[in-house]
Amino acid sequence: MNRRRLALAVLPLLLAVTACTSGTADDEPAPRPAAAERPSPFRDCATLSTAPTATSPGSGTATPKTATPASPGTTAPDGTTTRAPGGSALPELTLSCFTGGAPVVLREVAGPAVINVWASWCPPCRKELPAFQRLSERAAGQLQVVGVNSRDSRGGAQSIGEDFGVRFPILVDQGEALQRELKRNAIPLTLFVDADGQVRHIDASGALDDTRLAKLVRQHLGLAVPA
C-alpha cells in the first residue's frame with residue numbers, strides 16, 4: 001500500500017519533468033533576426049586603377065591632372081620641388097576592399113597616390129586620419145588617397161570612418177602582409193607613390209598633420225596641394 005501511494009505521488013512529478021523537456025521544434029522561440037549591417041562610410045575601390053582626373057576649365061571633360069616634374073636640383077615655376085630619385089614598385093599583393101566587390105591588386109592602384117596604413121586601436125592613426133580625409137578633398141583630381149586597414153575589427157574601422165568622416169577607399173589587410181613586405185612593424189605608415197607606380201617615400205614618423213602632409217606630397221610627388 002505504501003509503495004502504491006509513493007508511486008502515485010511521484011507520477012505527477014515525472015509527468016511535469018517530461019512536459020518541460022519534450023517540446024517540439026515548433027515550441028522553441030524563433031531566433032532573433034540579425035541586426036541590419038550599417039552602410040559603409042568609405043568609398044568603394046572600383047576606380048583605384050584609374051589615374052586621378054580633374055575637369056578641364058570650360059570643357060566639362062575629365063582629363064589627367066598631374067604635375068610636371070621639376071628638373072633635378074631645381075624648383076619648378078609653380079613651386080613644386082624635385083621628386084626623390086629612384087623608388088621601388090609596390091609589393092605584389094591583392095587586398096580585399098572594405099566595401100566588397102573585386103579584390104584590388106595593389107600594384108594596379110594608379111598614382112600619384114598616398115597610401116595610409118592604419119588601425120582603429122592605434123592612437124596616432126586616429127589622430128591623423130582627418131588630415132588624410134582633407135588631403136583627399138583638397139587634392140581631388142591630382143592624387144588618390146587610399147587607406148589600408150591593418151589587423152583591425154570591421155566594427156572598429158567602421159566606427160572610425162563614421163566618427164571621423166573618413167570617406168576615401170579602404171583596403172583590408174588583416175594579416176599585415178603589406179607591413180611584412182615593407183619590413184615595417186609600426187603603424188601609422190604612409191606610402192607616397194608617383195604616377196609611374198614607384199614608391200618614392202615611406203613615412204613612419206608618427207601622426208601627420210595637414211602642413212606636413214602637403215610638404216611630403218610636394219617633396220616626393222612634385223604636387224602642390226594647399227595645406
Side-chain angles (χ1 to χ4, degrees), residues 41-57 61-71 75-91 93 95 97-99 104-118 125 128-149 161 164-171 173 178 182 187-205 207-227:
F42 310 118
R43 270 196 6 246
D44 64 49
C45 305
T47 61
L48 288 183
S49 60
T50 304
T53 58
T55 301
S56 299
T61 59
T63 56
K65 176 70 174 179
T66 56
T68 302
S71 301
T75 301
D78 62 357
T80 58
T81 59
T82 182
R83 294 178 295 177
S88 59
L90 285 164
L93 294 174
L95 301 175
C97 182
F98 192 95
T99 59
V104 175
V105 178
L106 196 60
R107 283 193 175 181
E108 292 182 2
V109 173
V114 174
I115 301 175
N116 177 244
V117 185
W118 66 279
C125 300
E128 70 177 4
L129 274 172
F132 281 92
Q133 175 58 32
R134 289 189 290 270
L135 176 66
S136 73
E137 296 166 1
R138 293 167 179 163
Q142 291 181 282
L143 60 80
Q144 301 196 91
V145 175
V146 185
V148 176
N149 187 241
F164 290 13
V166 178
R167 299 292 178 261
F168 50 82
I170 301 293
L171 304 177
D173 183 14
L178 177 55
L182 297 174
I187 56 174
L189 203 61
T190 304
L191 286 65
F192 295 82
V193 183
D194 68 13
D196 299 321
Q198 298 294 299
V199 180
R200 293 292 175 172
H201 177 66
I202 300 175
D203 190 272
S205 61
L208 300 173
D209 58 19
D210 297 84
T211 301
R212 179 67 176 154
L213 261 177
K215 181 177 180 180
L216 290 170
V217 167
R218 184 171 60 250
Q219 180 179 354
H220 299 290
L221 301 181
L223 296 173
V225 176

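- In this structure a side-chain-to-backbone donor-acceptor pair under 3.5 Å is missing from D196 to Q198.
- Within the model, atoms CG of L171 and CG of L48 stand 6.0 Å from one another, a figure rounded to the nearest 0.5 Å.
- The shortest heavy-atom contact between D44 and A46 is OD1-N, 3.1 Å.
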**OP:** For side chain to side chain donor-acceptor pair (under 3.5 Å), just list the numbers for T211 and D209, CA-CA rounded to whole Å, side-chain angles, deciding distance to a tenth of an Å, and then say yes or no.
**Re:** CA-CA 6 Å; T211 301; D209 58 19; 4.7 Å; no

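- Each of D203, I202, L106 was evaluated against L191; a single residue qualifies, I202, per the side chain to side chain contact (heavy atoms under 4.5 Å, CB included) test.
- Between S136 and F168, the shortest heavy-atom contact is OG-CD2, 4.2 Å.
- With respect to L93, the side chain to side chain contact (heavy atoms under 4.5 Å, CB included) criterion is satisfied by exactly one of V105, L178, V148: L178.
- With a 4.5 Å cut-off on side-chain heavy atoms, L221 and V114 count as touching.
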Subject >> Candidate pair I170 and W118, rule side-chain contact (heavy atoms from CB on, under 4.5 Å), full reasoning >> reply: CA-CA 10 Å; I170 301 293; W118 66 279; 3.6 Å; yes

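- Ring orientation note: the planes of F192 and H201 are tilted relative to one another, at an angle of 30° to 60°.
- Residue L129 holds its CG atom at 10.5 Å from CZ of R134, rounded to the nearest 0.5 Å.
- Listed here is the closest heavy atom pair of A214 and V225: CB-O, 3.5 Å.
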**OP:** Might you work through the side-chain contact (heavy atoms from CB on, under 4.5 Å) test for V199 and I115, ending with a clear yes or no?
**Re:** CA-CA 10 Å; V199 180; I115 301 175; over 6 Å; no

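- Taking each heavy atom of Q142 and R138 in turn, the nearest pair found is OE1-O, 4.1 Å.
- With rounding to the nearest 0.5 Å, the separation of CD in E128 from CG in L208 is 5.0 Å.
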Original post:
side chain to side chain donor-acceptor pair (under 3.5 Å) between T190 and N116: does it pass, once the steps are laid out?
Top reply: CA-CA 4 Å; T190 304; N116 177 244; 3.1 Å; yes

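- Checked by atom type and distance alone, the side chain of Q133 pairs as donor or acceptor with a backbone atom of R167 at under 3.5 Å.
- For the pair P52 and P112, the tightest heavy-atom approach, listed with the atom from each and the gap, is CG-O, 3.8 Å.
- Distance check: C125 SG to N149 CG gives 9.0 Å after rounding to the nearest 0.5 Å.
- In terms of modelled atom types and a separation under 3.5 Å, the side chain of Q144 and the main chain of A51 share no donor-acceptor contact.
- Taking CG of D194 as the reference point, atom CZ of R200 lies at 4.5 Å (rounded to 0.5 Å).
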